Amino acid sequence: MSSTWLITAATSGFGRLVAGRALAGGAHVIAVGRRLAELAEAAPHGQVTPVALDLTAPDAQDILSEAVRSAGGLDVLVNNAGYGLFGAVEQVDADAARAIFDTNVLANLTVLRATLPALRAARGRILQTSSLIGQFAWPSSGLYAASKGAVELISEALAHELATTGVKVTIIEPGTYATEFSTSLQVVAPNDVYLPTVGQFLTDFAALPPQAFGDPDTVADAIMAVAELDEPPLRLAVGADAVEHIRASLHSRLAELDRWESFPRVPVGERA
């Protein structure tokens, strides 16, 4: 594998696993993350360019563009940075809502702007990390799901826009996996109004047994495999729970569309 990969959030979770696989295959990895020490740890294991960077910083695009230029180009982008936020829609304050969109959506766009010229030149691959709840929302997941839903639709539009360039876009939709996601998850405790819905969901989620959380290596393997496909899918749900929940959501939406497709039947001007 004589290629160059740029991986964001490369110090933990799926990003770290993918970086290790790419390095083992002979790739040059531009490993982007906030913790320089952890990025440097990867250096002895292959050709690594560690970039310690907060992707929400004003100069992030320039720094990433320079890293790609110094590497001589880019073949694969794994746009993976993000964090979780659970809480009732009403209770998530404006600062918290703005912060999750800054990281999960606007920083994702910063990475795309910095890398797309090189990816077009290489007819490269873009892997955008979403979530099973980029397709629907649970009680408490409204803001997080909205941020991942934004990534999904941005990525879908991008895939259409790049159709003539040879660049392929795939949205990765992992289910529930045992990564560091839970340690960085921010939770807004529900008030009395939302105890029966948000509170119950959070209680049930916290009570899930260890076997309910999949092996994150599965997701890393899927990313590596799809990056090699000549005609990759636009969306790839990874994990039985992701497939099950996304399918159920789509069936529910189709049923609702069928039920209400002729509504309203009476023209507004003819109502009593």
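Quick caveat, the model's predicted, so the values are computed rather than measured. The figures here come from the full heavy-atom set of this structure, side chains too, leaving out hydrogens, waters and symmetry mates.
Taking 4.0 Å as the cut-off between side-chain N and carboxylate O, Arg21 and Asp217 count as a salt-bridged pair. Between Asp230 and Lys168 there is no salt bridge, since no side-chain nitrogen of the basic residue lies less than 4.0 Å from a carboxylate oxygen of the acidic one. Looking at Arg235 and Glu152, a side-chain N of the basic residue comes within less than 4.0 Å of a carboxylate O on the acidic one, giving a salt bridge. Between Glu66 and Arg69 there is a salt bridge, since at least one side-chain N of the basic residue sits less than 4.0 Å from a carboxylate O of the acidic one.
When atom types are taken as modelled, the side chain of Thr170 and the backbone of Pro233 share a donor-acceptor pair closer than 3.5 angstrom. In terms of modelled atom types and a separation under 3.5 Å, the side chain of Thr103 and the main chain of Ile100 share no donor-acceptor contact. Side-chain N or O atoms of Ser70 include none that pairs as donor or acceptor with a backbone N or O of Ala67 at under 3.5 Å. In terms of modelled atom types and a separation under 3.5 Å, the side chain of Ser155 and the main chain of Val151 share a donor-acceptor contact.
Note: Ser131 OG to Lys148 NZ = 7.0 Å, rounded to the nearest 0.5 Å. Rounding to the nearest 0.5 Å places CD1 of Ile172 at 10.0 Å from CG of Asn80. One finds the CG atom of Asp258 at 13.0 Å from the CZ atom of Arg253 (value rounded to the nearest 0.5 Å). Here the CG atom belonging to Leu77 is positioned 7.0 Å from the OG1 atom belonging to Thr8, to the nearest 0.5 angstrom.
Between Asn104 and Gly82, the shortest heavy-atom contact is OD1-CA, 3.1 Å.
Atom CZ of Arg113 has more than 12 neighbouring heavy atoms from other residues, nucleotides or ligands inside a 6.0 Å radius. In this structure, Asp192 places its CG atom where only 12 or fewer heavy-atom neighbours from other residues, nucleotides or ligands lie under 6.0 Å away.
Using a 4.5 Å heavy-atom cutoff, the side chains of Leu127 and Asn79 are not in contact. Looking at Ile7 and Val29, their side chains come closer than 4.5 Å, going by heavy atoms from C-beta outward.
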Report the C-alpha distance between Ile126 and Leu116 in whole Å, list the side-chain angles of each, state the deciding distance to 0.1 Å, and finish with yes or no for side-chain contact (heavy atoms from CB on, under 4.5 Å).
CA-CA 9 Å; Ile126 298 172; Leu116 275 168; 3.7 Å; yes

